[in-house]
A.B. asks: 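This is the structure, below, for whatever I ask next.
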2 protein chains.
Amino acid sequence: MTRLLLVEDDSTLARALAITLRTRSYVVTVARDGGSALRDASSSRPDVIVLDLGLPDMDGVDVIRSLRTWTQTPIIVLSARDGQRDKVAALDAGADDYVAKPFGIEELLARLRAASRRAAPREDEPVVSAGDLVIDLAAARVRRAGLDVRLTPTEWHVLEVLVRRRGTLVARADLLREVWGPAYERQTNYLRVYLAQLRAKLEADPSRPTHLVTESGLGYRFEP
Amino acid sequence: MTRLLLVEDDSTLARALAITLRTRSYVVTVARDGGSALRDASSSRPDVIVLDLGLPDMDGVDVIRSLRTWTQTPIIVLSARDGQRDKVAALDAGADDYVAKPFGIEELLARLRAASRRAAPREDEPVVSAGDLVIDLAAARVRRAGLDVRLTPTEWHVLEVLVRRRGTLVARADLLREVWGPAYERQTNYLRVYLAQLRAKLEADPSRPTHLVTESGLGYRFEP
DNA sequence: CCGGGCCGTCAAGGTTCCGTCAAGAAAACC
DNA sequence: GGTTTTCTTGACGGAACCTTGACGGCCCGG
């Protein structure tokens, strides 16, 4: 499951690409201009960014430069301009790859695989500690009082989403969508079950949680 | 000072490229066919490889695959063939980038800069020990309680991937992709077989592993 | 005071996943 | 060319996991 941010102002192309990418099990977010691209990148922390250089509000190369001030996430540039100068400028600004339009979808997919294959192990997903809990997002490991805690895949997934947005409220529907998919946005009973299991494994007093907090009627929050 | 291996059978083009690259302060070695490319790569340990796919003695994609069995050195492919299939095959075999001929020299230089910018910093501690195990990643050798353990190529490859990311979870699909290639991401039975074999050779009690740990539903982890 | 959401808890199917074994196919070796 | 090693594939029991439904407590408004 790779989270992908697609920055493309042509909504027809954006939709077509998003559909194809999703069938290849990418989790796709779409941004339509440079400003929202920068915002989305910092809030949703994608694993890879696909960026069209021709944007309505700002120069694509400047978008790359801004991103590179704080993240190493692979950036693959799409462009209708096939000029040498654009390629060199984009690559030197920090892009990882450059694909000229028109391109084949298989080529884009192959370049995506190549990009994420060599992606540096993420350092911008640090180790989060809270009380006697230590949660290492990169290593997918949880310790409580120094001892490894065994989580099931779904338990881990739920915890991961909450910890990634630690301190902020995660709406029930958001959580369900990220873990189980858009079709499960109303299965709130899943959350009750899994939050209970996580509390049993992680909280000192599961009936009075201090880290996995319920916001009644809204959602859940991880409290560092 | 970057050491660069140029694999190109057209001697006119090879000479022209070598001259240009040297003026940009690359240290260039030239190989004229796949066989010498593989030899040179292992003897001179270049920092980056530029590879023409059209070689007299063997298929360029096979050259990539051979290189990728033992090194992560960035590979940039040059090719006169601009076909989708060639690109996808080369990238999936492990190439980092693909430049179609004719290309501008500035583009190639920019892609070289991009490739070495994101190159992983060299491993400084290639010998990993865990309990009575000693694993030498550079020498491809494993000892248990001082005695050499004999591993098959695939067993070693699996162990290598796990040990490189020691302590962190390696997802099933990641492991399959790195060892067998992207087409095998769902062949989870391979993992079951090879993990069992590795445990039989490396673990004190293979049915209760302490180093090669299963994370049910997620993947495997090497525990130092 | 009582009913309806909402949440936490529990346990029982049913499904998926893992370890194990074995045997045939392919590759490497001599 | 024959032998040995290695890889691939299938099957199966058991374990781990997900889903689902039911029940009770709590809070709030009627």
Side-chain angles (χ1 to χ4, degrees), chain A residues 1 140 142 148-162 169-173 175-176 178-181 183-221, chain B residues 62 65-66 69 140 142 148-162 169-176 178-181 183-221:
Chain A
M1 190 220 62
V142 183
D148 269 5
V149 178
R150 221 179 132 49
L151 298 184
T152 73
T154 307
E155 286 167 5
W156 169 254
H157 208 159
V158 170
L159 180 66
E160 193 182 12
V161 173
L162 290 171
L169 172 70
V170 180
R172 284 182 304 204
L175 197 46
L176 286 162
E178 286 219 47
V179 177
W180 283 271
Y184 292 76
E185 282 187 13
R186 287 168 221 291
Q187 297 284 326
T188 60
N189 49 329
Y190 286 16
L191 294 181
R192 296 206 296 279
V193 171
Y194 278 94
L195 265 293
Q197 290 176 5
L198 281 171
R199 283 168 180 151
K201 293 183 178 181
L202 303 180
E203 294 277 2
D205 180 356
S207 61
R208 301 185 52 199
T210 58
H211 298 122
L212 294 162
V213 184
T214 302
E215 299 271 345
S216 193
L218 300 171
Y220 294 87
R221 181 157 45 93
Chain B
D62 290 331
R65 258 192 282 271
S66 296
T69 60
V142 184
D148 268 9
V149 178
R150 202 179 149 56
L151 298 184
T152 73
T154 306
E155 286 168 4
W156 168 256
H157 209 333
V158 171
L159 180 65
E160 188 183 16
V161 173
L162 289 171
L169 173 71
V170 181
R172 285 181 304 200
D174 287 3
L175 198 46
L176 286 163
E178 287 217 45
V179 177
W180 282 272
Y184 293 76
E185 281 187 12
R186 287 168 220 292
Q187 296 286 324
T188 59
N189 48 330
Y190 286 18
L191 294 181
R192 297 206 295 277
V193 171
Y194 277 92
L195 265 292
Q197 290 175 6
L198 282 170
R199 282 171 181 149
K201 294 183 178 181
L202 303 179
E203 293 277 1
D205 180 356
S207 62
R208 300 185 51 200
T210 58
H211 298 121
L212 295 163
V213 182
T214 301
E215 298 270 343
S216 190
L218 296 170
Y220 294 87
R221 180 201 308 273

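Residue numbering restarts at 1 for every chain, and letters A, B, ... go by the order of the sequence lines.
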A.B. asks: Which part of the nucleic acid, if any, lies within reach of A:Trp156 when heavy atoms closer than 4.0 Å are counted: base, sugar-phosphate only, or nothing?
C.D. replies: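 Nothing: the residue A:Trp156, judged by heavy atoms under 4.0 Å, touches no strand.
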A.B. asks: Just wondering, do A:Asn189 and A:Arg192 contact through their side chains at under 4.5 Å, heavy atoms?
C.D. replies: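 A:Arg192 vs A:Asn189: side chains touch.
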A.B. asks: Base, sugar-phosphate, or nothing: which does A:Thr188 touch, judged by heavy atoms less than 4.0 Å apart?
C.D. replies: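 Nothing: the residue A:Thr188, judged by heavy atoms under 4.0 Å, touches no strand.
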A.B. asks: Taking OP1 and OP2 of D:dC17, is either one under 4.0 Å from a side-chain nitrogen or oxygen of A:Tyr194?
C.D. replies: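 For D:dC17, OP1/OP2 do not have a side-chain N/O of A:Tyr194 under 4.0 Å.
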A.B. asks: Once you round it to whole Å, what is the distance between P of C:dC7 and CG of A:Leu176?
C.D. replies: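 Taking atom P of C:dC7 as the reference, CG of A:Leu176 is at 11 Å.
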A.B. asks: Select base, sugar-phosphate, or nothing to describe what A:Arg150 touches, counting heavy atoms under 4.0 Å on all strands.
C.D. replies: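 Sugar-phosphate: the residue A:Arg150, judged by heavy atoms under 4.0 Å, touches backbone atoms but no base.
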A.B. asks: NA contact type, B:Arg172, heavy-atom cut-off 4.0 Å: base, sugar-phosphate, or nothing?
C.D. replies: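 Result for B:Arg172 = sugar-phosphate.
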A.B. asks: Please test A:Leu195 against A:Thr214 for side chain to side chain contact (heavy atoms under 4.5 Å, CB included), starting from the C-alpha separation and ending with a verdict.
C.D. replies: CA-CA 9 Å; A:Leu195 265 293; A:Thr214 302; 6.0 Å; no
A.B. asks: Under 4.5 Å between any side-chain heavy atoms of A:Tyr220 and A:Tyr194, yes or no?
C.D. replies: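 Side-chain contact under 4.5 Å: no.
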A.B. asks: May I have the distance from A:Asn189 (atom CG) to C:dG5 (atom P), rounded to whole angstrom?
C.D. replies: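 From A:Asn189 CG to C:dG5 P: 16 Å.
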A.B. asks: Could you state the CG-P distance from B:Leu175 to C:dC18, rounded to the nearest angstrom?
C.D. replies: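 That distance rounds to 12 Å.
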A.B. asks: For a 4.5 angstrom cut-off between non-hydrogen side-chain atoms, does B:Leu218 reach A:Leu151?
C.D. replies: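 Counting from C-beta outward, B:Leu218 and A:Leu151 never come under 4.5 Å.
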A.B. asks: Rounding to an integer number of Å, can you tell me how far A:Leu198 CG sits from D:dC17 P?
C.D. replies: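 Taking CG of A:Leu198 and P of D:dC17, I get 13 Å after rounding.
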A.B. asks: For A:Leu151 and for A:Gln187, locate the closest nucleotide of DNA chain D by heavy-atom distance; then report the residue assigned to the nucleotide nearer the 5' terminus.
C.D. replies: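 On the 5' side of the pair lies A:Leu151.
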A.B. asks: Please determine whether a side-chain nitrogen or oxygen atom of A:Arg199 lies at a distance below 4.0 Å from atom OP1 or OP2 of C:dG8.
C.D. replies: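 Looking at the OP1 and OP2 atoms of C:dG8, one of them is under 4.0 Å from a side-chain N or O of A:Arg199.
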A.B. asks: From the options D:dC17, D:dA11, D:dT9, select the nucleotide whose nearest atom is closest to the side chain of B:Tyr190.
C.D. replies: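 Given the options D:dC17, D:dA11, D:dT9, the side chain of B:Tyr190 is closest to D:dT9.
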A.B. asks: Between the two ends of the helix from C:dC1-D:dG30 to C:dC30-D:dG1, what is the bend in degrees, rounded to 10 degrees, where each end axis spans five pairs?
C.D. replies: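 Here the local axes at opposite ends form an angle of 30°.
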A.B. asks: Give the rounded distance in Å between these two atoms: NZ of A:Lys201 and C1' of C:dT9.
C.D. replies: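 Atom-to-atom, A:Lys201 to C:dT9, this comes out as 16 Å.
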A.B. asks: Can you tell me the distance, in whole Å, between the CD atom of A:Glu155 and the C1' atom of D:dT19?
C.D. replies: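 For the pair A:Glu155 CD and D:dT19 C1', the rounded distance is 14 Å.
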A.B. asks: Between A:Ser216 and A:Val193, name the one whose nearest nucleotide on DNA chain C is closer to the 5' end.
C.D. replies: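 So the residue in question is A:Ser216.
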A.B. asks: Within the structure, does a side-chain N or O atom of A:Ser207 lie under 4.0 Å from either OP1 or OP2 of C:dT9?
C.D. replies: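 False: A:Ser207 side-chain N/O out of range (4.0 Å or more) of C:dT9 OP1/OP2.
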A.B. asks: Contact between A:Arg150 and B:Glu215 at the side-chain level, heavy atoms closer than 4.5 Å - yes or no?
C.D. replies: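 Yes, their side chains come closer than 4.5 Å.
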A.B. asks: If you look at every strand shown and take non-hydrogen atoms under 4.0 Å, does A:Tyr184 touch a base, only sugar-phosphate, or nothing?
C.D. replies: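 No contact.
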A.B. asks: Tell me, with the steps shown, if B:Val142 and B:Trp156 meet side chain to side chain contact (heavy atoms under 4.5 Å, CB included).
C.D. replies: CA-CA 9 Å; B:Val142 184; B:Trp156 168 256; 3.4 Å; yes
A.B. asks: Rounded to the nearest angstrom, tell me the gap between atom CG in B:Leu195 and atom P in C:dC21.
C.D. replies: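 From B:Leu195 CG to C:dC21 P: 15 Å.
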A.B. asks: Is any side-chain nitrogen or oxygen of A:Thr154 closer than 4.0 Å to OP1 or OP2 of D:dC18?
C.D. replies: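 Yes.
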A.B. asks: Does B:Thr152 or B:Gly217 map to a spot on DNA chain D nearer the 5' end, using the closest nucleotide for each?
C.D. replies: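 Comparing both residues, the 5'-ward one is B:Thr152.
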A.B. asks: Taking the side chain of A:Pro153 as heavy atoms from C-beta outward, which of D:dC7, D:dC17, C:dG19 is closest to it?
C.D. replies: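 Within the option list, the nearest is D:dC17.
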A.B. asks: So B:Trp180 and B:Leu191, do their side chains get closer than 4.5 Å, heavy atoms only?
C.D. replies: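 Yes, close enough: below the 4.5 Å cut-off.
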A.B. asks: Could you give the distance from OG1 (B:Thr210) to CG (B:Leu202), rounded to the nearest 0.5 Å?
C.D. replies: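 Those atoms lie 10.0 Å apart.
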A.B. asks: Are B:Leu212 and B:Leu159 close enough that some pair of their side-chain heavy atoms sits under 4.5 Å apart?
C.D. replies: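 Yes - at least one pair of side-chain heavy atoms lies under 4.5 Å apart.
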A.B. asks: Measuring to OP1 and OP2 of D:dT8, would you say a side-chain N or O of B:Trp180 lies under 4.0 angstrom away?
C.D. replies: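 Yes.
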A.B. asks: C:dC18 C1' sits how many Å from B:Leu218 CG, rounded?
C.D. replies: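 Going from CG in B:Leu218 over to C1' in C:dC18 covers 13 Å.
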A.B. asks: Let's see if you can work this out: which of C:dC7, D:dC18, D:dT20 has an atom nearest to the side-chain heavy atoms of A:Arg192?
C.D. replies: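 From the listed options, C:dC7 comes nearest.
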